[in-house]
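For reference, the structure is listed below as structure tokens.
Numbering starts at 1 and runs along the sequence shown.
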Amino acid sequence: MKLSVPARAAATAVAVTVLASTALLTTGTAAGAAPAPDSATSASSASLLKLAAAPDLPVANVKAHLTQLQSIATANGGNRAHGRTGYRASLDYVKAKLDAAGFTTTIQQFTASGRTGYNLIADWPGGDTNQVIMAGSHLDSVTAGAGINDNGSGSAAVLEIALAVSRAQYQPTKHLRFGWWGAEELGMVGSRYYVNNLSSANRSRVKGYLNFDMIGSPNPGYFVYDDDPTIEQTFKDYYAGIGIATEIETEGDGRSDHAPFKNVGIPVGGLFSGADYTKTTAQAAKWGGTSGQAFDRCYHSSCDTTANINDTALDRNSDAAAYAVWELSE
């Protein structure tokens with residue numbers, strides 16, 4: 001049975017009770033002799049613990065990052081585009097948060113269209129470095145605006161997931177790595193540069209890359225990439241658990257930073273809430289919102305500001321992203 005997000009909180013309490021009972025039975029500190037828990041009880045508690053492990057990200061935290069990105073854009077000519085001061089200020093903001101949280105961060109420099117660009121990579125200490133799970137998003141905007149949905153939304157969610165890893169002092173079996181890419185709007189330049197500069201051995205160590213590009217669209221859909229089956233099913237399982245129907249993502253297929261990873265054989269997946277395609281009547285009936293209108297009327301425009309975010313979509317997609325990071329890195 002898939003649990004809803006509120007039910008996951010209840011599962012946490014149940015799991016704690018199960019663990020306490022198991023500890024008493026195992027150590028024999030309870031009054032009287034007690035048999036060891038049976039396999040069904042052990043499996044049940046393990047299942048509950050696994051489900052409760054992923055955090056419910058506070059959407060207010062994700063929005064606070066978006067507010068900072070908006071302020072950066074406003075102070076730097078209205079955008080956070082490749083090669084502009086707003087982009088570097090955005091990168092510095094994200095890096096400072098990660099450094100304070102205990103990540104090992106690396107800035108990777110490249111050149112595109114005659115301007116210097118930057119990727120930011122953050123590694124969480126521990127885990128098997130021969131099995132890397134990576135989540136990423138592009139941090140740059142177009143020159144026309146602040147790029148708060150495209151792609152402040154994905155960047156803020158990935159940042160908050162990383163900070164949640166730190167708060168929980170999460171120690172997964174696999175190694176966790178996060179990336180913020182430059183110059184995506186010029187054709188995935190930053191992510192391609194990163195992938196092309198991985199040795200074949202290091203490429204083989206990346207067991208999954210999760211991409212989040214536009215996850216707070218104001219007239220949202222709930223789209224899942226249909227690339228790697230395991231990653232795809234992980235996202236679908238989460239959404240089934242909260243009673244939200246999803247569709248396969250086709251609008252941005254191959255047009256975001258998962259493409260360079262996929263092209264070299266790395267398993268990829270991700271989430272998307274829609275850009276300038278039009279929401280159909282059937283989709284509006286399923287998800288709410290307005291049919292006959294674009295998922296994001298401010299796509300690549302000056303109105304892509306903090307006012308251009310659907311909080312519900314941002315919250316759901318951020319939590320789904322965190323769930324996948326936890327599930328796939330265990």
Side-chain angles (χ1 to χ4, degrees), residues 57 59-98 107 112-113 115-120 136-163 178-191 211-220 251-252 255-257 271-277 293-315 317-318 321:
L57 297 184
V59 71
N61 290 8
V62 183
K63 290 184 68 180
H65 300 314
L66 294 180
T67 298
Q68 291 298 317
L69 294 177
Q70 176 69 66
S71 296
I72 288 168
T74 301
N76 289 277
N79 68 70
R80 301 179 303 98
H82 163 72
R84 311 298 176 94
T85 55
Y87 179 78
R88 183 57 199 244
S90 299
L91 183 142
D92 289 343
Y93 168 76
V94 174
K95 184 178 186 299
K97 291 287 187 182
L98 296 164
I107 295 176
S113 298
R115 294 176 180 265
T116 301
Y118 305 96
N119 294 325
L120 176 63
S137 59
H138 76 86
L139 187 56
D140 63 315
S141 73
V142 292
T143 56
I148 297 303
N149 186 37
D150 183 16
N151 183 39
S153 60
S155 293
V158 173
L159 174 57
E160 190 56 30
I161 292 167
L163 297 180
F178 299 89
W180 289 263
W181 312 118
E184 186 272 352
E185 298 292 3
L186 301 183
M188 295 85 74
V189 177
S191 55
N211 194 60
F212 304 102
D213 187 353
M214 301 182 66
I215 61 170
S217 302
N219 189 31
E251 180 179 0
R255 291 170 51 193
S256 191
D257 293 297
L271 299 174
F272 179 62
S273 55
D276 56 355
Y277 278 23
Q293 186 179 104
F295 293 102
D296 183 355
R297 291 186 295 175
C298 290
Y299 177 62
H300 283 187
S301 300
S302 61
C303 57
D304 188 8
T305 65
T306 49
N308 192 46
I309 292 291
N310 181 290
D311 287 1
T312 299
L314 183 68
D315 190 15
N317 281 319
S318 296

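Between Asp311 and Lys63 there is a salt bridge, with a side-chain nitrogen of the basic residue lying less than 4.0 Å from a carboxylate oxygen of the acidic one.
Here the side chain of Arg80 pairs a donor or acceptor atom with the backbone of Ala146 at under 3.5 angstrom. Between the side chain of Arg88 and the backbone N or O of Arg84, no donor-acceptor pair lies under 3.5 Å. Of the possible polar contacts, none joining the Ser318 side chain to the Ala157 backbone as a donor-acceptor pair under 3.5 Å is found. At least one donor-acceptor pair closer than 3.5 Å links the side chain of Asn119 to the backbone N or O of Gly182. Looking only at distances, no side-chain donor or acceptor of Ser273 sits under 3.5 Å from a matching main-chain atom of Pro220. With Ser301 contributing its side chain and Tyr299 its backbone, the two residues share a donor-acceptor pair below 3.5 Å. Checking side-chain atoms of Thr306 against main-chain N and O of Thr67 turns up no donor-acceptor pair under 3.5 Å. Listed for the Asn151 side chain is a donor-acceptor partner under 3.5 Å among the backbone atoms of His138. Distance alone, capped at 3.5 Å, is enough to place a donor-acceptor pair between the Arg115 side chain and the Gly83 backbone. Distance alone, capped at 3.5 Å, is enough to place a donor-acceptor pair between the Ser141 side chain and the Gly145 backbone.
Taking CG of Asp92 as the start and OH of Tyr87 as the end, the distance is 10.0 Å to the nearest 0.5 Å. The OG atom of Ser137 lies 7.0 Å from the CH2 atom of Trp180; values are rounded to the nearest 0.5 Å. Between the OG atom in Ser155 and the CD1 atom in Ile148 there is a gap of 9.5 Å [rounded to 0.5 Å]. Separating the CG atom in Asp304 from the CG atom in Asn149 is a distance of 5.5 Å, to the nearest 0.5 Å. Taking CG of Leu163 as the start and CG of Leu98 as the end, the distance is 6.0 Å to the nearest 0.5 Å. For the atom pair CD1 of Ile215 and CG of Asn310, the computed distance is 11.5 Å after rounding to the nearest 0.5 Å.
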Do Glu185 and His300 pass the side chain to side chain donor-acceptor pair (under 3.5 Å) test, and can you show the C-alpha distance, the side-chain angles, and the key distance before you say yes or no?
CA-CA 10 Å; Glu185 298 292 3; His300 283 187; 3.1 Å; yes
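Of all non-hydrogen atoms in Leu66 and Ser153, the two that sit nearest each other are CD2-N, 3.7 Å. Residues Ala313 and Ser217 come closest through the heavy atom pair CB-O, 4.4 Å. Minimum interatomic distance between Asn79 and Thr143 (heavy atoms only, all atoms of both residues): ND2-O, 3.3 Å. Annotation for Gly86 and Ile72: closest pair O-CG2, 3.4 Å, computed over non-hydrogen atoms.
In this structure the side chain of Phe295 never reaches within 4.5 angstrom of the side chain of Met214, judged on heavy atoms. For the pair Trp181/Leu139, no side-chain contact is recorded, criterion being any heavy-atom separation below 4.5 Å from C-beta on. Side-chain contact check for Leu159 versus Tyr93: some heavy-atom pair is nearer than 4.5 Å. Side-chain contact between His65 and Val158: absent, with no pair of heavy atoms (C-beta onward) separated by less than 4.5 Å. For the pair Asn219/Arg297, no side-chain contact is recorded, criterion being any heavy-atom separation below 4.5 Å from C-beta on.
Under the side-chain hydrogen bond (donor to acceptor under 3.5 Å, both in side chains) criterion, Ser256 pairs with Asn211, Asp213, not counting sequence neighbours. For Asp276, there are no side-chain hydrogen bond (donor to acceptor under 3.5 Å, both in side chains) partners, not counting sequence neighbours.
Using modelled atom types, one finds a donor on one side chain and an acceptor on the other under 3.5 Å when comparing Asn308 with Asp296.
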